[in-house]
Amino acid sequence: MRQPVRSRLPTASGKTTFRLLMEKVVIIGTGCAGLTAALYTARANLQPLVLTGTQPGGLLTTTSIVENFPGFPEGVDGYELMTRMQKQAERFGARVKFGTVEAADFSRQPFVLTVDDEPIQTQTVIIATGASHRHLGLESEANLENKGVTYCATCDGALPMFRNQPLVVVGGGDSACEEALYLTRFGSVVHLIHRRDALRASKIMAERTLSTPKIKPIWDSVVTEVLDVKQDKVTGVRLKNLRSNAESVVDCAGMFVAIGHAPNTQLFKGAIEMDASGYIIPKRGTMANVPGVFVAGDCSDHVYRQAVTAAGMGCAAAIDAERYLAALNE
Ligand SMILES: Cc1cc2nc3c(=O)[nH]c(=O)nc-3n(C[C@H](O)[C@H](O)[C@H](O)COP(=O)(O)OP(=O)(O)OC[C@H]3O[C@@H](n4cnc5c(N)ncnc54)[C@H](O)[C@@H]3O)c2cc1C
């Protein structure tokens, strides 16, 4: 159930009118960034309203084992980690509500967010809406996600299932090169599959990648199927050469898709400054170009994209918001 955002006020005439309640902080998103911001703002007695969007707990809930979040020497299930983060924030007074922000008006104070057709007024907003990775769009890819298909080498490359196994990276930009180079620490060989006949990556990155003996480029090719859905794990990829139309199969234990990310910031377009790819650029600390609007996590970070960096940015945004409110209300 959504928290009512209006209070009933009796008027002199006896009629009931509605008055919008004013929030001090609304946090958009409940991934690592949003929930850490919730914890810090809650502990600062700001009673943040935290909106889940369509993916409560964020991206990490889609992965079974997180091995690089500090404090969990045996690793931790992604869903469990996010449930714990939410409980921790709620313990100090954060109000986590299921709801998706549809529109944001940052042109005047208080800001107005439209959430499931209802307006919410707030003095500050922390945007922590994350980013979505691009998929190849294959049915077999979706069926084998987390069973050998992954979108993050830093997150998953060290898993036992990939050690000393042939691996595949799909893509040709800087990210794909970084993923391929990183995976050479674990895989027996890394096939880099690119739809063109040259990498799109920066010159230095392309040279480093192509001069690494463990990385074997496969040019002019696309993945048409991930094998093997019947075995419920990745055993290889079927490729099509775009010049010759010839088909081939490359054996591998994992497919790392690195064809780009898109920040979930479309709804703020025009309301706030972002770069050409849609990442929100903070101006001072974590504050965006509009005073009172703060940003944290993958929606403003196309470099690190890790749970712990998102959490760190959530902490920073919360402290910045708290200080901004203190100055505003002085
Ligand atoms: C399969 C997988 C495995 C991973 N494994 C690891 C790992 O092992 N270690 C690691 O460090 N990182 C890992 N990552 C990366 C990590 O998940 C992200 O870096 C992290 O989740 C980013 O946190 P975030 O809070 O910025 O965004 P997200 O986790 O993406 O959360 C975004 C939140 O915003 C909400 N939202 C979006 N739009 C709206 C809206 N309009 N209104 C309201 N809410 C909205 C969403 O519902 C969601 O709750 C993995 C990622 C994936 C996909």
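Every heavy atom of this structure was used, including side-chain atoms; hydrogens, water molecules and symmetry mates were not. Predicted model only: the values in this text are computed from it and were never measured. Indexing begins at 1, ligand by ligand and atom by atom, following the structure's order.
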- line: The answer, listing residues by chain and number that come under 4.0 Å of ligand 1 through any heavy atom, is I28, G29, T30, G31, C32, A33, L51, T52, G53, T54, Q55, G58, L59, L60, T62, T63, V66, N68, G99, T100, V101, A128, T129, G130, H133, N146, C155, L267, G297, D298, R305, Q306, A307, A310
Aromatic ring pairing F268/F106, orientation class (parallel under 30°, perpendicular over 60°, tilted between): parallel
- prompt: For residues N264 and T129, is any side-chain donor paired with an opposing acceptor at under 3.5 Å?
  reply: no
field: Geometric class of the Y182/F186 ring pair [parallel <30°, tilted 30-60°, perpendicular >60°]
entry: perpendicular
- prompt: Given the side-chain rings of Y151 and H261, with only the six-membered ring counted for Trp, is the space between their centroids under 6.0 Å?
  reply: no
Ion pair D320/R284, N-O distance below 4.0 Å: no
- request: Assign the ring pair Y324 / F294 to parallel, tilted or perpendicular, where the plane angle (0 to 90°) is split at 30° and 60°.
  value: perpendicular
